[in-house]
Amino acid sequence: MTTDVTAPWLIVGLGNPGPGYAANRHNVGFMVADLLAGRIGGSFKRAQKAQAQVLEGRVGPMGPGSRRVVLAKPLSFMNLSGGPVAGLRDFYKVPTANIAAIHDELDIDYGTLRLKLGGGDNGHNGLKSMTKSMGPDYHRVRFGIGRPPGRMQVADFVLKDFSSVERKELDFLVDRAADAVECLVTEGLERAQSAYNS
C-alpha cells in the first residue's frame, strides 16, 4: 500500500489522560508523542473537532522532503481511542494508510521496536478501539514492554510505572522510537523497518 505524499500524516500516541497515568508503561505512546512535539517546536492544544490534544507541524528535512503531520494524544481513555482518532482522520482528511499509532506491546521484549502496517490488536484495547472505528489498515509503532513478572495481571502491569532499571534506558528508547516515527513518515515503512525493527 503506497501512501499519498501530499496528504498529512496522523501520528497518534496512545495512552490514558491525567497525571496519575503519565509514567505508566501503557502511556509510552504519549511519551513518544511528547518528544516529537518538542522536536517540531510546538505544544499540544485541545482539538476543536475531536476529544484529543493535537499539534500540527512538519517532520524531516526542510523543503520537499518534509512531511506535514498532525500529532495527537486522545483525551478519552485508552479503550475509547478510536472515536477521537476517527474524528481527527475525517477532519484533517488523512488516508488510513497515513495513520500511525504508537503503543506499548506486551509480546516484545522491553525497548524493542517493531513497525508494521495492519494486523490484529493482540489484546491491546487502544488498537481494538481504533480498528473498530476505522479498520485495521493503519501503521503501528510497537514499543516492547515485555510480559508481567510472575503471576502479575496484565492490567496491573501496564498501569504501573516503568521500573527503576527500565527508566535508566527509557529516555534513549523513547528517542529511538521518535526517530523511527520520523523515518516512517519521511522514508516509508520498509526503510523504517530495516533501520529500527530489532
Side-chain angles (χ1 to χ4, degrees), residues 3 5 7-63 65-78 80-95 98-105 111 113 115 126-127 129-130 138-145 161-162 166-167 169-189 192 195-196:
T3 56
V5 295
W9 275 78
L10 176 57
I11 308 298
V12 182
L14 291 179
N16 286 308
Y21 297 100
N24 288 179
R25 292 182 177 93
H26 222 18
N27 271 43
V28 74
F30 276 15
M31 296 174 197
V32 177
D34 286 337
L35 181 60
L36 287 166
R39 291 182 182 184
I40 289 171
S43 56
F44 283 99
K45 294 184 171 51
R46 181 72 186 249
Q48 293 180 333
K49 301 291 183 181
Q51 191 183 1
Q53 290 183 316
V54 295
L55 169 63
E56 297 177 60
R58 300 188 82 84
V59 300
M62 294 298 287
S66 74
R67 294 284 177 264
R68 189 158 65 97
V69 298
V70 179
L71 276 179
K73 297 193 296 183
L75 291 173
S76 61
F77 282 94
M78 178 74 85
L80 299 173
S81 300
V85 176
L88 293 171
R89 174 201 61 186
D90 295 345
F91 179 73
Y92 288 103
K93 298 179 171 54
V94 179
N98 279 29
I99 296 172
I102 311 163
H103 65 92
D104 57 306
E105 178 63 62
L113 286 179
L115 290 84
L127 298 181
S129 179
M130 284 182 62
Y138 53 91
H139 290 85
R140 296 101 190 279
V141 179
R142 304 156 74 204
F143 187 109
I145 61 169
D161 292 357
F162 286 100
E166 290 169 334
R167 282 197 299 271
E169 287 188 284
L170 185 60
D171 287 349
F172 166 76
L173 297 169
V174 167
D175 192 71
R176 188 167 182 271
D179 290 345
V181 172
E182 290 185 346
C183 185
L184 169 66
V185 170
T186 58
E187 300 184 53
L189 178 61
Y196 294 98

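- One finds the CZ atom of F30 at 7.5 Å from the CD atom of Q53 (value rounded to the nearest 0.5 Å).
- Counting all heavy atoms, side chain and backbone alike, N27 lies closest to G15 at OD1-CA, 3.5 Å.
- For the pairing with L36, the side chain to side chain contact (heavy atoms under 4.5 Å, CB included) check across L55, D179, L71 returns one residue only, L71.
- Here the CD atom belonging to Q51 is positioned 9.5 Å from the CZ atom belonging to F77, to the nearest 0.5 angstrom.
- Here the CE-CZ distance, from M31 to F162, works out to 5.0 Å after rounding to the nearest 0.5 Å.
- Here the CD1-CG distance, from I145 to D104, works out to 4.5 Å after rounding to the nearest 0.5 Å.
- Annotation for L113 and A180: closest pair CD1-CB, 4.1 Å, computed over non-hydrogen atoms.
- When side chains are defined from C-beta on, P74 counts as touching V85, because their heavy atoms get closer than 4.5 Å.
- Under the 4.5 Å side-chain criterion, counting only non-hydrogen atoms from C-beta, N16 is in contact with H26.
- Expressed to the nearest 0.5 Å, how far CD1 of I11 lies from NZ of K73 amounts to 14.5 Å.
- In this structure the side chain of Y92 reaches within 4.5 angstrom of the side chain of E56, judged on heavy atoms.
- Heavy atoms only, all atoms of each residue included: F44 and A37 are closest at CE1-CB, 3.6 Å.
- In this structure, L88 and A52 approach most closely via the heavy-atom pair CD1-CB, 3.8 Å.
- Ion pairing between E182 and R39 holds under the 4.0 Å rule for side-chain N and carboxylate O.
- With hydrogens and angles ignored, the 3.5 Å screen pairs a side-chain donor or acceptor of R140 with a backbone N or O of Y138.
- Rounded to the nearest 0.5 Å, atoms CG (L184) and CG (N98) are 9.0 Å apart.
- Checked by atom type and distance alone, the side chain of S81 never pairs as donor or acceptor with a backbone atom of G126 at under 3.5 Å.
- A 4.5 Å side-chain heavy-atom check between I99 and H139 finds every atom pair outside the cut-off.
- Ionic pairing of E166 and R25 is present here: one or more N-O contacts between side-chain nitrogen and carboxylate oxygen are shorter than 4.0 angstrom.
- In terms of the ring-ring contact (aromatic ring centres under 6.0 Å, His included) criterion, F91 has no residue partners (sequence neighbours excluded).
- F172 does not carry R176 over the face of its six-membered ring by the limits of under 6.0 Å from the centre and within 45° of the normal.
- V32 is not listed as a side-chain neighbour of V141, based on a closest heavy-atom distance of 4.5 Å or more.
- Taking all atoms of both residues into account, the shortest heavy-atom contact from S76 to P17 is O-CD, 3.3 Å.
- Minimum interatomic distance between L14 and H103 (heavy atoms only, all atoms of both residues): CD1-CB, 3.9 Å.
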